[in-house]
Structure formats: C-alpha cells, structure tokens
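Just follow the structure's listing: the first ligand is 1, and inside any ligand the first atom is 1. Computed from a prediction, not measured in an experiment: that's the story for all the values here.
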Amino acid sequence: MQDTPLTLTHFFDRAERLFPEKEIVTATASGRERTTYGTWAERTRRLGGVLDALGISPDGRVATFGWNTARHLELYFAPPCSGRVLHTLNIRLFPEQLTYIANHAEDEVVFVDRSLVKLIWPLLETFKTVRHVVVMDDGTGDQPDAAAPGQELHDYETLLASAEPVEFAVADENQAASMCYTSGTTGNPKGVVYSHRSTWLHTIAVMTMDSIGASESDVILPVVPMFHANAWGLAHAAVACGAGLVMPGPDLSPKAIAALIEEERVTVAAGVPTIWMGVLPELDGRDTSSLRAIPCGGSAVPRALSEAYRQKTGLPILQAWGMTETSPVASVGHIKSSLATRSPEELADIRSSIGMPLIGVDARIVNPVELTPVPADGETSGEIQVRGPWIAREYYNDDRSPQSFTDDGWLKTGDVATVDEHGYMRIVDRTKDVVKSGGEWISSVELENEIMGHPKVAEAAVIGIKHPKWGERPLACVVVKDGETLTKEEVLAHLEGRVAKWWLPDDVVFIDEVPKTSVGKFSKKDLRSRFEDYALPTA
Ligand code: ADP
C-alpha cells in the first residue's frame with residue numbers, strides 16, 4: 001500500500017476543493033458574519049504568506065489568544081499547513097501561567113482578538129520570544145497603541161490584504177502541528193504537542209458514528225473553546241468533512257447560544273456541563289428540532305441534566321470523556337443496540353457513564369500500584385490508563401513526564417473509574433481528589449453530586465481532611481442557595497440512605513463559593529489549602 005502522509009493539508013484541500021460554498025458563521029459584537037470555506041481557504045493561504053513575511057521560523061510556534069471565530073479557524077490551519085506549530089493560549093489561565101507557557105513554548109508571534117487586548121497587554125513584556133503581536137479586530141475592546149519593546153504591532157486584515165497566498169505542503173506526518181497546555185491544577189501547566197498524524201487520526205475518530213459522527217450534513221456549534229483542548233476536534237472535523245460551522249465568538253451567554261442553535265439550525269452543539277445547565281431554561285419555546293447531538297464532557301455530567309435535555313428537546317446529552325493529553329476525545333457514551341430496550345431508568349444510567357473507548361484508543365482500569373485490571377463489576381474502581389495514536393507519549397520539554405506514564409507506555413490519566421460488564425466506564429473521581437479513608441476510597445464526586453441534589457444547595461465540594469485513625473475523612477464544603485438556610489444536620493440527613501454510612505462526611509462547613517480553576521472546574525487544591533489545619537469534630 002502507499003504511504004501518503006496523514007497531514008492537515010489533506011483536510012484543508014478537501015474543504016477548499018469540495019465544499020467552497022459551505023458556510024462558516026461567526027457571532028460578533030455587531031451581528032453574525034458569514035463566510036464560506038472557499039473564502040476561508042483563500043485567506044488561510046494568504047495567512048501562510050503573512051507568517052513568511054513576518055519571518056516566523058519554519059517550525060516556529062504561532063500563538064493565538066482568541067475566541068471561536070472564522071479567523072481562529074484560519075489560524076488552526078495556516079501555521080500547521082506551512083510547517084509551523086499552532087499554540088492556542090488559554091485565555092482563562094492565570095497571568096503567570098500564560099507567561100510561563102508563552103516562554104516555555106517559545107512563541108514567536110501572538111494573534112489576539114481585539115476584545116481580549118486588555119487581558120493580554122500587561123503580559124506582553126513578559127513574553128521573551130514574541131516578536132510580533134497581531135490584533136484581530138472583532139469589533140469591540142481596546143485599541144492598542146503599541147506592543148512591548150522589541151515587539152511589532154500589526155493589524156490582521158492589513159497584513160492579510162498585502163500578503164501573497166502560499167502553497168501548503170507537509171511531508172512528514174510526525175511533524176508537530178499544534179500544542180496545548182493543561183490548565184495545571186498543581187504546578188506549572190504541562191505542554192502537549194500534537195502531530196499532524198495524531199490530529200488526523202483523532203479527527204477521523206470524531207467523525208465515526210459511534211463517537212460524535214461529524215459529517216458533511218452537520219452544522220456544528222463548538223461552544224467548547226478553540227483555546228482549550230482543540231475544541232474537542234470539532235473544528236478540524238468540520239473542515240475535513242465540509243460541515244457547516246457556527247462560531248459563537250465572545251458571547252457565551254445561555255441566551256446567545258440558544259439563539260444560535262435555533263436560528264442557524266445547528267445539528268451538533270458541544271460544551272461543558274455548566275454551559276448546558278445555563279442554556280436549558282433558555283430553550284423554552286424555541287425550535288431545537290435541528291439538533292441531533294449535544295456532546296458534553298470536561299467534568300462530570302449530572303444524570304439529571306441529561307434527563308432534563310431528553311425531556312425538553314427529545315435528545316439526551318451525549319457524554320464524552322477525555323483530556324488535553326488525549327487530543328482530547330477518548331470515550332463517548334452511546335447506548336449499545338443490545339441494550340436499547342432497557343428501561344428508561346437503566347438507559348439514563350448508562351448515559352451517566354463516560355461510555356466506551358473510541359475505536360483507536362485502548363483503555364484499561366487498573367489498580368494503580370500493581371497495574372492489575374479491576375474486575376468489570378461496575379463497583380471496583382481503579383485508575384483509567386489509555387494508549388493509542390492520539391494519546392500523548394510525554395509532556396513537552398518537561399521532567400515531570402515520567403510520573404504520568406507507566407513503564408509499559410500507558411498514560412496515567414489520574415481519573416478513577418469503574419467498568420461494568422458491558423464495557424461502560426464511570427468516573428468516580430480524580431486520583432488526587434478521592435478521600436482515602438482506612439485504606440478504602442470515598443468518591444468526592446459522588447458525595448458532591450448527592451449533596452448538590454439537595455434543593456437548597458447551590459454548590460458543594462468534598463475534600464479529605466487528615467484524620468489520626470482513618471488517614472483521611474471527608475469534609476463537605478457547601479454553598480447554600482441565595483435566601484435559603486441549611487444546617488449540617490439537614491445535609492447529613494439528606495445523604496443518609498443515598499451513600500454508604502461510612503462515607504458520611506465527618507463535618508459540613510458552609511462557604512460563600514467553591515473556588516474554581518481557570519477553566520471553571522472546582523479547585524480542590526485551593527479548598528485543601530484553606531482547610532489544611534481544619535480540626536474535624538471527634539466522635
Ligand atoms: P485540566 O486538567 O486542565 O482540567 P483537561 O481539560 O484536559 O485538563 O481535563 C481533563 C479532565 O477532565 C479529565 O482527566 C477528567 O478528570 C475530567 N473530565 C473530562 N471529561 C469528563 C467526564 N465526562 N466526566 C468526568 N470528568 C471528566
């Protein structure tokens with residue numbers, strides 16, 4: 001067989017040649033902008049010319065600091081298809097983390113949406129290798145007058161207007177195409193470099209029917225940001241198959257997203273649970289009949305949320321699991337046809353799992369020390385470890401890599417899960433968050449889900465507190481809904497019968513808010529340091 005390289009130029013060429021009329025819609029501050037793959041491809045080629053004109057090294061890192069837009073999609077392709085490496089800066093990282101990753105990746109140029117100028121400008125002088133700053137005018141935000149010393153400031157459209165379109169060619173499929181950093185709950189973020197080949201294979205996997213099934217007839221709304229974990233591969237997949245794309249831009253309000261779904265006849269809308277929690281009430285009275293899938297992941301997807309969507313739109317949520325290190329999609333929760341006749345209760349239960357590994361991904365759930373597989377009983381938990389052609393082999397220039405990979409080459413995900421007799425995996429917790437009590441594990445996630453099921457609770461997070469006899473015992477940190485009052489006794493009474501007796505938290509504290517990470521997940525690290533010296537009541 002022939003051995004043509006699996007590179008992103010193939011996806012680019014297809015969109016340019018076969019789907020020039022298909023639309024990319026971007027929501028902006030002043031309304032929706034419409035373009036086509038034909039125009040996008042022409043501009044992307046000229047963007048390749050811009051990178052040459054700016055003198056970006058043949059394998060230079062090209063950083064972006066932007067929302068989901070058609071311009072960002074130009075940047076998804078011009079750097080890799082011209083041999084360079086796209087580095088999407090996560091706009092929600094803390095300033096010192098942004099400085100760290102821009103310097104660690106040695107970014108040469110950064111493309112910034114004007115609406116985000118305010119956020120990044122104070123950091124520019126800390127970006128040691130950046131020589132060019134290109135502002136993409138998205139119609140709102142500050143007009144910058146100068147970049148930091150040693151950096152040239154440019155306007156995107158002016159550069160594009162004067163640039164020559166280039167021919168794209170990448171000979172080696174193992175060449176780097178892009179990179180992302182994890183949002184780093186401990187220490188500095190860690191870099192993951194994706195090759196053309198890994199991105200190619202991940203894209204095809206996202207297009208298989210048993211995963212998200214992206215296809216030409218879809219209109220895809222990636223609410224999930226292009227600056228975090230590759231927008232779950234949906235931007236690449238849309239280009240590869242010529243699907244319509246709806247880019248939400250900066251306005252991620254529930255109302256705006258609901259309007260895009262209805263008015264642009266979106267078929268696939270993907271986002272994290274908090275997005276779908278917000279959008280749900282906004283769907284009242286709207287026509288959502290175009291939707292065929294609502295992929296959701298990034299943190300636990302409450303069963304009640306999926307059921308609420310099923311009741312309102314006829315479409316339950318499609319749960320997916322993955323991480324920056326896994327490109328990111330590694331498993332998706334479809335119902336097997338052999339289980340399709342189960343009761344609605346059982347089906348909802350299956351949907352609350354993270355499903356099965358995608359074709360191409362090997363997953364094992366093992367005791368993290370002995371690496372022996374846990375029984376497929378849906379009860380015994382262990383760490384999920386994965387391997388495959390779009391799973392990271394190491395972190396970029398980072399001596400922390402060995403801790404995250406086993407000697408036999410599997411990625412240690414740090415996620416604790418069970419697997420049942422049908423092969424469905426369920427996330428119990430993250431390894432660092434489980435409460436290790438007397439040699440047994442208590443799932444903080446499960447306790448939180450139960451506590452958050454209480455009608456007076458807005459948010460709840462559970463952490464392990466040092467205990468002289470048991471090693472650790474759970475402490476529940478609860479945020480009460482505005483205008484409500486709640487006592488420790490009520491919380492514990494609510495949990496009784498819902499969880500094993502020995503799981504009941506030793507204490508309940510009421511806090512104003514659960515601290516969040518840069519991407520909006522509960523920051524257990526911050527909670528743990530806040531309650532480091534907390535004295536649990538003695539029985
Ligand atoms: P970060 O570590 O920066 O949060 P990622 O965005 O890569 O990085 O997040 C990956 C993690 O998100 C996974 O390891 C897992 O803990 C969590 N996660 C992803 N999908 C799900 C899901 N469907 N259910 C529960 N947790 C999930």
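- Residue W321 has no nitrogen or oxygen atom sitting less than 3.5 Å from a nitrogen or oxygen atom of ligand 1, judged on distance alone.
- Listed by number with element, the atoms of ligand 1 under 4.0 angstrom from any heavy atom of M323 are 7 (O), 10 (C), 14 (O).
- Between V419 and R364 the shortest side-chain heavy-atom distance does not fall below 4.5 Å.
- Selection from C180, G414, A320, S299 by nearest heavy atom to atom 27 (C) of ligand 1 gives S299.
- Among the atoms of T182, none of the N or O lies under 3.5 angstrom from an N or O of ligand 1.
- Counting heavy atoms closer than 4.0 Å to ligand 1, residue T324 contributes atoms from both its backbone and its side chain.
- Taking the charged nitrogens against the carboxylate oxygens, E74 and R71 have no contact shorter than 4.0 Å, which rules out a salt bridge.
- Taking every heavy atom of H228 and a limit of under 4.0 angstrom, the matching atoms of ligand 1 come to 6 (O).
- Within the structure, every pair that satisfies the salt bridge (charged side-chain N to carboxylate O under 4.0 Å, His left out) test and touches residues 439-458, not counting sequence neighbours, is listed here: E448-K524, E450-R498, K456-E490.
- Checked for salt-bridge contact, D408 and R387 miss the test: no charged N lies under 4.0 Å from a carboxylate O.
- Below 3.5 Å of separation, one finds an N or O of Q319 facing an N or O of ligand 1.
- The residues K436 and E472 are annotated as not salt-bridged, no charged nitrogen and carboxylate oxygen being separated by less than 4.0 angstrom.
- Per-residue contacts place A300 under 4.0 angstrom from the following atoms of ligand 1 (heavy atoms of the residue considered): 24 (N), 25 (C), 26 (N).
- Considering only residues two or more places apart in sequence or on other chains, R530 meets the side-chain contact (heavy atoms from CB on, under 4.5 Å) condition with I511.
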